[in-house]
Amino acid sequence: QVQLVESGGGLVQAGGSLRLSCAASGRTFSTYRMGWFRQAPGLERESVAAISPSGGRTYYADSVKGRFTISRDNAKNTVWLQMNSLKFEDTAVYYCAADAPPYTTGWGIPASYDYWGQGTQVTVSS
């Protein structure tokens, strides 16, 4: 069993930046594909970004490409989401998720992930 704890959310003006952090428990973090998802009230949970176990490959939703960057440090059991040029449409609860092996092919499918954090609120004012 793995516990994931997100932090770094808050209120920011449009055009500003935030860095979200996800800390994982356990000794097998380096084997997980990690993803960030978000959910706004009344909407479906959607994928934001994902990163391979080694950090060598990353994936982004079209809506955040060029603005957000996902990274990880396996020695620290931590994954980050750097969010720049934030827009009002980015307002949502952001969730960290871990996909344990065996991996699926769909990086952006919530059902592919085995462990989820509680979420952290990001609010962008316009």
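Residues: numbered from 1 along the sequence shown.
Taking OG1 from Thr123 and CD from Gln13, the interatomic distance works out to 13.0 Å, rounded to the nearest 0.5 Å. We find the CZ-OG1 distance between Phe68 and Thr58 to be 14.0 Å, quoted to the nearest 0.5 Å. Interatomic distance, Gln121 CD to Thr91 OG1, rounded to the nearest 0.5 Å: 7.5 Å. Once rounded to the nearest 0.5 Å, the distance linking OG of Ser126 with CG of Leu86 reads 13.0 Å. Distance check, rounded to the nearest 0.5 Å: OG of Ser7 to CD of Gln118 gives 13.5 Å. The distance from the OH atom of Tyr59 to the CD1 atom of Ile70 is 11.0 Å, given to the nearest 0.5 Å.
Ser85 and Ser17 make their closest contact through N-OG, 4.3 Å (heavy atoms, listed as atom of the first residue, atom of the second, distance). Shown here for Asn77 and Gly26, the closest heavy-atom pair between the two residues is ND2-O, 2.8 Å. Between Asn74 and Ser30 the shortest heavy-atom distance is ND2-CB, 3.5 Å. Nearest heavy atom pair, residue Gly108 against residue Pro110, reads O-CD, 3.4 Å. Closest of all the heavy-atom pairs between Trp107 and Ala50 is CE3-CB, 3.5 Å. Here the shortest heavy-atom pairing between Arg72 and Ile51 reads NH1-O, 3.7 Å.
For Tyr94, the side chain to side chain donor-acceptor pair (under 3.5 Å) partners at least two apart in sequence or on another chain are Arg38.
A donor atom on one side chain and an acceptor atom on the other are found under 3.5 Å apart for Gln3 and Ser25.
Residues Val2 and Trp80 fall into different hydrophobic clusters, defined by Ile, Leu, Val, Met, Phe, Trp and Tyr side chains chained together at heavy-atom separations under 4.5 Å. Connection of Trp36 to Val12 is established within a shared hydrophobic cluster, with ILVMFWY side chains joined at heavy-atom distances below 4.5 Å, either directly or through further cluster members. Each of Phe37 and Val64 belongs to its own hydrophobic cluster when Ile, Leu, Val, Met, Phe, Trp and Tyr are linked at side-chain heavy-atom distances under 4.5 angstrom.
Counting heavy atoms from C-beta outward, Arg33 and Tyr113 have side chains that approach closer than 4.5 Å. The shortest side-chain heavy-atom distance between Leu20 and Glu6 does not fall under the 4.5 Å cut-off. For the pair Tyr95 and Leu4, the minimum side-chain heavy-atom distance is 4.5 Å or more.
Note: Tyr115 and Tyr32 have tilted aromatic rings, judged against thresholds of 30 and 60 degrees for the angle between ring planes.
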Using side chain to side chain contact (heavy atoms under 4.5 Å, CB included), reason through Tyr60 and Arg67 one step at a time and then give a plain yes or no.
CA-CA 10 Å; Tyr60 298 96; Arg67 299 188 297 120; over 6 Å; no
Let me see the working for Tyr103 and Thr31 under side chain to side chain contact (heavy atoms under 4.5 Å, CB included), right down to the final yes or no.
CA-CA 10 Å; Tyr103 312 111; Thr31 71; 4.1 Å; yes
Trace of the side chain to side chain contact (heavy atoms under 4.5 Å, CB included) decision for Asp99 with Asp114
CA-CA 5 Å; Asp99 182 7; Asp114 302 286; 3.4 Å; yes
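A salt bridge is absent between Asp90 and Lys87; no separation between the charged side-chain nitrogens and carboxylate oxygens falls under 4.0 Å.
Annotation for Phe88: atom CZ does not count as buried by contact number, only 12 or fewer foreign heavy atoms lying within 6.0 Å.
The cationic atom of Arg45 (NZ for Lys, CZ for Arg) lies less than 6.0 Å from the six-membered ring centre of Trp116 and within 45° of the ring axis.
Within the structure, every pair that satisfies the disulfide (SG to SG under 2.5 Å) test and touches residues 10-117, not counting sequence neighbours, is listed here: Cys22-Cys96.
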